[in-house]
Amino acid sequence: MPTQREVMSRLLAEQGRTYAEEAGIRLRDTPQPLYRLLVLAHLLSARIRGDIAVASARALADDGLRGPRAMADATWQRRVDALGRGGYRRYDERTATQLGDGARLLLDEYGGDLRRLRDTADGRVTDLQRALRRFPGIGPAGADIFLREAQRVWTGVAPYLDAKALEGAERLGLPDRPAALMRLADGAEPAVVAAALVRAALGARPAGTSA
């Protein structure tokens, strides 16, 4: 039977990629990548397959809707069509409206720059969660998704291992404490650890571990 450290090592080798990477987002602490991450978090938080959410985030970006100004200025139909090309059809009409409203909120209150939201919260995680939940379509799950991924560049919130990530740890017989999990990860980035554990919560299991 593999040790906990071996389970973590195998999990990271097989599932160690962030959702932002899957969506083609080269995450940096600059306005456009952070906005694209917010859109991705919105899409991933719906009751829809993760691969469809990722494909739809790519489709929006491919259509030029990479920043809040472009998203706000786009017609509702253009947003619907882009989501449809990604396969995001069940919630496309409501989501298209929410994306437009959220982009306008970001422009009006933070000048289109999510770093201003972070600075307003002064790095306090609970304040960040509360501020993120003000965006239409971003509930507690969406805020968690955003912060799990954003910790790659917003290192002040790391390690951000939320309930979904800890659920994955439990499924694999790993500790339920972020500090202990990060020790097992041997220096892996917290965002990568979090994404791998979320995939475990969704059913992924490392090779050589029992079901």
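Below, all heavy atoms of this structure are taken into account, side chains as well, without hydrogens, waters or symmetry copies. Here the structure is a predicted model, which means the values were calculated and not measured.
Listed for the Gln4 side chain is a donor-acceptor partner under 3.5 Å among the backbone atoms of Gly173. With Ser9 contributing its side chain and Arg5 its backbone, the two residues share no donor-acceptor pair below 3.5 Å. No side-chain donor-acceptor contact under 3.5 Å links Tyr91 to the backbone of Ala46. Checked by atom type and distance alone, the side chain of Arg78 pairs as donor or acceptor with a backbone atom of Asp63 at under 3.5 Å. Of the possible donor and acceptor atoms, one in the side chain of Glu149 sits under 3.5 Å from a partner among the backbone N and O of Tyr19. With hydrogens and angles ignored, the 3.5 Å screen pairs no side-chain donor or acceptor of Asp122 with any backbone N or O of Arg124. Under the 3.5 Å distance criterion, the side-chain polar atoms of Arg79 are matched with a main-chain donor or acceptor of Ala74. A donor-acceptor pair is defined here as one N or O able to donate and one able to accept, closer than 3.5 Å; no such pair exists between the side chain of Arg148 and the backbone of Pro190.
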Distance-only check: which donor-acceptor pairs under 3.5 Å involve side-chain atoms of residues 29-38, not counting sequence neighbours?
from: Asp29; atom 1: OD1; to: Arg118; atom 2: NH1; distance (Å): 3.1
from: Asp29; atom 1: OD1; to: Trp154; atom 2: NE1; distance (Å): 2.9
from: Asp29; atom 1: OD2; to: Arg118; atom 2: NH1; distance (Å): 2.9

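Salt bridge absent: Arg89 and Asp92 never bring a charged side-chain N and a carboxylate O closer than 4.0 Å.
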Could you give me the CA-CA distance, side-chain angles and deciding distance for Arg104 and Asp101, then say whether salt bridge (charged side-chain N to carboxylate O under 4.0 Å, His left out) is met? CA-CA 5 Å; Arg104 284 184 282 273; Asp101 291 344; 2.9 Å; yes
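At least one side-chain heavy atom of Pro175 sits less than 4.5 Å from a side-chain heavy atom of Leu184. Taking the side chain as every heavy atom from C-beta outward, Leu128 and Tyr160 never approach each other to under 4.5 Å. Residues Leu147 and Asp162 are not in side-chain contact: their nearest non-hydrogen atoms beyond the backbone lie 4.5 Å or more apart. Under the 4.5 Å side-chain criterion, counting only non-hydrogen atoms from C-beta, Gln129 is in contact with Asp144. Arg134 has its side chain within reach of Leu105: a pair of non-hydrogen atoms, C-beta onward, lies under 4.5 Å apart. A heavy-atom distance below 4.5 Å is found between the side chains of Arg199 and Arg17. Proximity of Leu99 to Leu60: side-chain heavy atoms (C-beta onward) are separated by under 4.5 Å at one or more points.
Separating the CG atom in Leu202 from the CG atom in Leu197 is a distance of 11.0 Å, to the nearest 0.5 Å.
Trp76 and Leu43 sit in two unconnected hydrophobic clusters of ILVMFWY residues. Membership requires side-chain heavy atoms under 4.5 Å apart, directly or through other members. Under a hydrophobic-cluster definition in which Ile, Leu, Val, Met, Phe, Trp and Tyr are linked whenever side-chain heavy atoms come within less than 4.5 Å, directly or via other members, Ile52 and Ile25 are assigned to the same cluster.
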